[in-house]
Amino acid sequence: MRNRIVAGNWKMNKTFEEAEGLVFEIVDFLEENEIINTEVVICPPALYLELASDAAVESQVEIGAQNVYARESGAYTGEISAPMLQSMEIAYCIIGHSERRKYFKESNELLAEKVIACLNNDIRPIFCIGETLDEREAGNHFKVVEDQLNEALFNLSSGEFQNIVIAYEPVWAIGTGVTATSAQAQEMHAYIRSLLAGKYGSDVADQTRILYGGSCNALNAAELFSNPDVDGGLIGGASLIGHDFIEIIKSFPDAS
Ligand code: PEP
């Protein structure tokens, strides 16, 4: 059975005090409640990685970064490298989020380099793929996702790929309150898994965690997570409210 993941992407939100309160709310919950077969990952703004990492040190919570630069060190003002993240014991890094593709013009070529930088430093990428509304309405959603995988990930060896987590995030569902239906999510996740099987074989495909992201919340998580190919979620807005994020963590029928 694949270990599920519920990951919170805080994006550019929270003051220091708010971040401290939220991270301890989640850590405390997991200290008092056993959640089975589920990894809980918090991805705060980079400024709070140390705070989150310290708070989570003896807990079930793992910490992820929201971004990384592809080079190891040097004159790249404002950037953070994978060796720096590794030195802070950061376990995961979100790569390829649609906001970074859109606002920061990140190409699949750059994203492929970021993935390698993470893997070289024992950080597991949570790699985001997904189509826009126009692409879905034109019937191109499967092709878009396939191209993203081909261009950014399928250069990896099978051994390298086993450290990848995929997040299917239809762009039209991110932050919009419009969630993919359970059937749409399952259809795309199964398709992604079939592509992984074609490229790396069924063992790797069966082991790879494929998360759903896009307006997933405390009310719809259970239905989305009940699908056989949905291995958890990458949660934006709802991860900013402790109670809601905890409800999502509890959403797998056999979580406790
Ligand atoms: C995200 O940004 O990864 C995301 C899924 O956001 P939201 O849950 O707010 O749609």
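Counting starts at 1 for both ligands and their atoms, following the listed order.
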One line per pair, note the atom names and distance for all nitrogen or oxygen contacts under 3.5 Å between ligand 1 and the protein.
| from | atom 1 | to | atom 2 | distance (Å) |
| --- | --- | --- | --- | --- |
| ligand 1 | 2 (O) | K11 | NZ | 2.5 |
| ligand 1 | 2 (O) | H97 | NE2 | 2.7 |
| ligand 1 | 3 (O) | H97 | NE2 | 3.0 |
| ligand 1 | 3 (O) | E169 | OE1 | 3.1 |
| ligand 1 | 3 (O) | E169 | OE2 | 2.7 |
| ligand 1 | 6 (O) | K11 | NZ | 3.4 |
| ligand 1 | 8 (O) | G236 | N | 2.8 |
| ligand 1 | 9 (O) | G237 | N | 2.8 |
| ligand 1 | 10 (O) | G175 | N | 2.7 |
| ligand 1 | 10 (O) | S215 | N | 2.7 |

Carefully, step by step, assess D229 and Q186 under the rule side-chain hydrogen bond (donor to acceptor under 3.5 Å, both in side chains). CA-CA 6 Å; D229 286 295; Q186 171 56 26; 2.7 Å; yes
Side-chain cluster (under 4.5 Å, hydrophobic types only) that L234 belongs to, other residues: I5, V41, Y92, I94, I126, V165, L211
More than 12 heavy atoms from other groups under 6.0 Å of CD on E50: no
Can you run down the side-chain hydrogen bond (donor to acceptor under 3.5 Å, both in side chains) pairs that involve residues 234-248, sequence neighbours left out, and say none if there aren't any? E247-K250
I129, V144: one ILVMFWY side-chain cluster at the under-4.5 Å cut-off? no
Any side-chain hydrogen bond (donor to acceptor under 3.5 Å, both in side chains) pairs touching residues 24-38, not counting sequence neighbours? R4-T38
